[in-house]
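Have a look at the structure below, then the notes.
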Amino acid sequence: MDGRAERPSERPRASQISKFMSEERKTPEQRAQMTDLERLRHSASHVLATAILKIWPEAQFAAGPPVENGFYYDVDLPHRISPDDFEKIETEMKKEIKANHPFERMEISRDEALELGKKGRLAALSERPEPSKYKLDIIENIPPDEKISLYRNGDFVDLCAGPHVKRTGEIGAFKLTSVASAYYKADERNPQLQRVYGTAFKTKKELDDYFAMLEEAKKRDHRKLGRELELFVFDDDVGPGLPMFLPRGAAIAEELEKLAKETEFAAGYQRVRTPHIARESLYKKSGHLPYYAESMFPSMAVRKHEEYRVFWEQWEKRQNEAYEQTVKRFMPNLDEPGMRERIGKMDTRELNQFIEQRISAMGQEAVNAFNRMAIDSFIPSLMMTQVSPIEDRYYLKAMNCPHHHKLFAAIPRSYRDLPLRLAEYGTDYRYEKSGELFGLMRVRSLQMNDAHIYCTPEQFEAEFNAVNEMYLKYFKLFGIEKYLMRFSTHDPSKLGQKFVDEPELWKQTEEMTRRVLKDSGIDYVEVPNEAAFYGPKIDVQVWSVVGREFTLATNQVDFAQPRRFNLVYKDRDNLEKTPICIHRAPLGTHERFIGFLLEHYAGNFPLWLSPEQVRILTIGDDPKLMDYARSILNELRAHQVRAEIDDSTDKINGKIQRAEQMKVHTMLVIGKRDMEADVVSVRVHGKGNLGATPRGEAIAAVLESIRTRAK
RNA sequence: GCCGACGUAGCUCAGCUGGUAGAGCAGCGGUUUCGUAAACCGCAGGUCACGGGUUCGAAUCCCGUCGUCGGCUCCA
């Protein structure tokens, strides 16, 4: 799968979907649909601006919309607003709310609006020397047929389409939450503004509940759980964005792989294995270079010719000899006290200088001798430059498709071979920018549930549907109820730049894909201008319980790369034809999927996925009892159950506490009484004591739950 | 990459306006022999992210680097 598609918006932020409906592009109809809460928050952002102006009258404002969990206002202000300022701002906001000013709407002409903006009267408490520059810019961008309106609360007047609550007093409870920077109109060429975030609710209780919910959400944060449950770690020496899975985390990855392998095997996929690196030429061919180079780790240079190495070694040797001779010849007093020590401390540059000084002090003869030696030692280096300036470059792979295309091409293919489905849990490396790294969700090394399906146009629909079926099957298994398929299409005006210049193929592929999506009845939204450069794609967006939204999986139609790689199959009519390639990764990457599952389950994995499935807790450490415990352990392990014995000196309550904290799924508590009756006391995480069960029965139940991947 | 905040023991954190580090849990060693969410005693554990600077003296102040976090940007 070419993971380039695997990325949109995995940060907790206003969702992509709500982004389409963001304040700037809102039509009057959409505005009318603003919920009461959004209206309240939008009003709160005006109150925020009012308060900021009371403190810093020179502040310039851009946009201040409601967002998913609150509101913000973008402000341009020399003073850096920090959380320390929040109290001061909030105090002013409270005054404004207490004053209970009405929000008054006024419709004005475009000229009047421009006039006010020039006088600095927009998003301001009074006229000001500086014009309201951002507001003026916004006016320019309002469609001519749309009405321009102002809203006023107290002295504050703002260009705003509304709607608002009736009076500032209706803003019941609010709190400023953070401040961050944002580019005006999200364009990095524009000035950076300070974005002050806050949230507001009708009542204090709702506000408190919201913060309590955030506290709860923190407990589900995959980074926190990952550490607590000993699943994965990051290490400075290994590098940022390069997670290492501890045994408990690796166990989850292994289960996911097992799931994928079983599912894919049954669906006619074949597994392949490819190296983690490839030569530059592969990525030139695929088209990833130079366009994708920025997201790849810098290349490794490998000297192409053996003679290069030999010359290099000889050159170094001669150079060292030259130095030694020079030192011997022109520094007879090397043995004088302190000299060796002094030279020993010098680096090459200092030593060079020192030698030159000594030599020139010794006269012309010495200079000539030294020059001869220097030339001697440098000639090989010149030769070497001519022999082999060429290097071979290798790249860590950032995607698996080029390798898979090569495997397709490795053997002559007939239409009888299609569809050919090549699958691999390939490890890719991507140089994500430092600011983009985020726990396990956005990393620099990732292992993807990748596969490429090569098929004929006639087979496309069935293959595409089968892939979608697979997605849905997985979602059901994991209890993922909220998801959205984003169908990204191309923008015809960007053919040849952003998208391969194949208007007909784009049209065909997109129509084909759209039809399949419609027929399957899957919910999807269509997003223009976000396709991969080689074809339309479908990203699957999910929301973790924490409210984080990200692209979990992806599915792309590729008509371009097979051509670039000259992939062909011999059709019935004895003509060579290019197959369509479907890239797909229903389980995304291990990293992100595990991160998602952690938050999804709050670390309380179903038995089959549990890092530690069963822990045997003994009451006391009587040797006979320990034997009983070990025999149960051995039986479980013989059936591939991840089981442990807690043989610590803790009392039983302590052992239970620790097992519960580690979220061990099933605890088997055994004491003498159990041993004598050949039973175990079953305790399930989160469910408490389920009572004594015959040993065989308990084990059978565990095995059955794992086998069926029960919830 | 950009803006901002943060970085103290394995983890969670304390350490006031500068006077060379402290708790709980985890770990280790004992004791305890127990019935469904923490038995008791003791021990050990730190280049206060790293590197410079200011100072008689720096975890504390300043600068730089690295890393993490919150956003922004990117994500063909």
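Not measured: the values here are computed from a predicted model. Throughout, a chain's letter reflects where its sequence line sits, starting with A, and its residues are numbered from 1.
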Does A/Asp674 contact B/G35 through a side-chain donor or acceptor facing the base, at a distance under 3.5 Å? yes
Have a look at A/Gly239 and say if it touches a base, only the backbone sugar-phosphate, or nothing, with a 4.0 Å heavy-atom cut-off. nothing
Is it true that the NZ or CZ of A/Arg41 lies under 6.0 Å from the centre of A/Phe201's six-membered ring and within 45 degrees of the ring axis? yes
Of the listed nucleotides B/G70, B/U73, B/A38, the one nearest the side chain of A/Lys433: B/U73
Comparing A/Pro240 with A/Trp506, nearest RNA chain B nucleotide closer to 5' gives the residue A/Pro240
Within this structure, what is the CZ-to-P distance between A/Arg486 and B/C75, rounded to whole angstrom? 13 Å
Is the distance from OP1 or OP2 of B/G35 to the nearest side-chain N or O of A/Arg673 less than 4.0 Å? no
At 4.0 Å (heavy atoms only), tell me whether A/Gln194 reaches a base, stays on the sugar-phosphate, or touches nothing. nothing
Output the pairing pattern of RNA chain B as a dot-bracket string, 5' first, Watson-Crick or G-U wobble with both distances under 3.5 Å, | for cross-strand pairs, [ ] for crossing pairs. (((((((..((((.....[..)))).(((((.......))))).....(((((..]....))))))))))))....
By ring pair (Phe, Tyr, Trp, His ring centres under 6.0 Å), which residues pair with A/Tyr197, not counting sequence neighbours? A/Tyr72
State whether A/Arg195 places a side-chain N or O below 4.0 Å from either non-bridging phosphate oxygen (OP1 or OP2) of B/U73. no
Using modelled atom types and a 3.5 Å cut-off, is there a donor and acceptor pairing between side-chain atoms of A/Glu591 and backbone atoms of A/Gln447? yes
Nearest-Å distance, CE (A/Met667) to C1' (B/U36)? 9 Å
When the P atoms of B/G7 and B/C48 are compared, how many Å lie between them, rounded to an integer? 15 Å
Side-chain contact test, heavy atoms from C-beta onward, threshold under 4.5 Å: evaluate it for A/Asn449 versus A/Arg584 and give yes or no. yes
Give me the distance, rounded to whole Å, that separates B/C11 from B/G45 when you measure between the C1' atoms they each carry. 13 Å
Going by atom types only, do A/Asp539 and A/Ser488 share a side-chain donor-acceptor pair under 3.5 Å? no
Within the 4.0 Å heavy-atom criterion, would you say A/Gly654 contacts the bases, only the backbone, or no part of the nucleic acid? sugar-phosphate
Roughly, in whole Å, what's the span from CG in A/Asp650 to C1' in B/A26? 11 Å
Closest approach to the side chain of A/Arg223, judged atom by atom: which nucleotide of B/C69, B/G1, B/G67 is it? B/C69
So which one's nearest nucleotide on RNA chain B is more toward 5', A/Ser648 or A/Gln661? A/Ser648
With rounding to whole Å, what would you report as the distance between B/G4 and B/C62 at their P atoms? 15 Å
P-based separation of B/G19 from B/U60 [nearest Å]: 11 Å
Out of A/Leu246, A/Leu225, A/Leu440, A/Leu598, which residue meets the side-chain contact (heavy atoms from CB on, under 4.5 Å) rule with A/Leu231? A/Leu598
To the nearest angstrom, the CZ-P distance between A/Arg444 and B/G1 comes to 8 Å
Let me confirm one number: the CZ-CD distance from A/Phe245 to A/Glu230, rounded to the nearest 0.5 Å. 15.0 Å
Between B/G71, B/G1, B/C75, which nucleotide has the shortest distance from any of its atoms to the side chain of A/Arg442? B/C75
What does A/Phe234 touch in the nucleic acid at a heavy-atom separation under 4.0 angstrom: a base, only the sugar-phosphate, or nothing? nothing
Can you tell me if A/Lys135 uses its side chain to pair, donor with acceptor, with the backbone of A/Ala62 under 3.5 Å? yes
Length of the line joining A/Leu77:CG and B/G4:P, which is rounded to integer Å: 14 Å
What residue pairs, at least two apart or across chains, pass salt bridge (charged side-chain N to carboxylate O under 4.0 Å, His left out) with a residue in residues 613-627 of chain A? A/Glu612-A/Arg615, A/Asp627-A/Arg630
Rounding to the closest angstrom, what is the interatomic distance between B/A39 and B/U47 at atom P? 33 Å
How many Å lie between CG on A/Asp74 and C1' on B/C3, as a whole number? 13 Å
What's A/Ile652 touching, base or sugar-phosphate or nothing? Going by heavy atoms closer than 4.0 Å. sugar-phosphate
Considering all heavy atoms, the nearest A/Lys687-A/Leu690 contact: O-CD2, 4.3 Å
Give the rounded distance in Å between these two atoms: CE of A/Met662 and C1' of B/A38. 16 Å
With no hydrogens and no angle check, just 3.5 Å: does a side-chain donor-acceptor pair link A/Lys663 and A/Ser610? no
B/U17 to B/A58 separation - C1' atoms, rounded to the nearest Å: 14 Å
If the condition is ring pair (Phe, Tyr, Trp, His ring centres under 6.0 Å), which residues does A/His590 pass it with, not counting sequence neighbours? A/Tyr425
Span that lies between the C1' atom of B/A38 and that of B/C2, in whole angstrom: 47 Å
Tell me what A/Asn653 touches on the nucleic acid: a base, only sugar-phosphate, or nothing, going by heavy atoms under 4.0 Å. sugar-phosphate
Scan nucleotides 7-12 of chain B nucleotide by nucleotide, 5' to 3', and note B when protein non-hydrogen atoms come under 4.0 Å of the base, S if they reach only the sugar-phosphate, - if neither. ----SS
Does a side-chain N-to-carboxylate-O contact under 4.0 Å join A/Glu676 and A/Lys672? no
Measure all distances between protein nitrogen or oxygen atoms and nitrogen or oxygen atoms of nucleotides 27-33 of chain B, and list the pairs falling under 3.5 Å.
{"from": "B/U33", "atom 1": "O2", "to": "A/Asp621", "atom 2": "N", "distance (Å)": "3.0"}
{"from": "B/U33", "atom 1": "O2", "to": "A/Asp621", "atom 2": "OD1", "distance (Å)": "3.3"}
{"from": "B/U33", "atom 1": "N3", "to": "A/Asp621", "atom 2": "OD1", "distance (Å)": "2.4"}
{"from": "B/U33", "atom 1": "N3", "to": "A/Asp621", "atom 2": "OD2", "distance (Å)": "3.4"}
{"from": "B/U33", "atom 1": "O4", "to": "A/Asp621", "atom 2": "OD1", "distance (Å)": "3.2"}
{"from": "B/U33", "atom 1": "O4", "to": "A/Asp621", "atom 2": "OD2", "distance (Å)": "3.0"}

Side-chain N or O of A/Ser681 versus OP1/OP2 of B/U36: is the shortest distance under 4.0 Å? no
From CG of A/Leu625 over to P of B/G35, roughly how many Å is that when rounded to an integer? 13 Å
Test side-chain hydrogen bond (donor to acceptor under 3.5 Å, both in side chains) on A/Asp674 and A/Ser681; report intermediate values, then the result. CA-CA 7 Å; A/Asp674 304 283; A/Ser681 293; 3.2 Å; yes
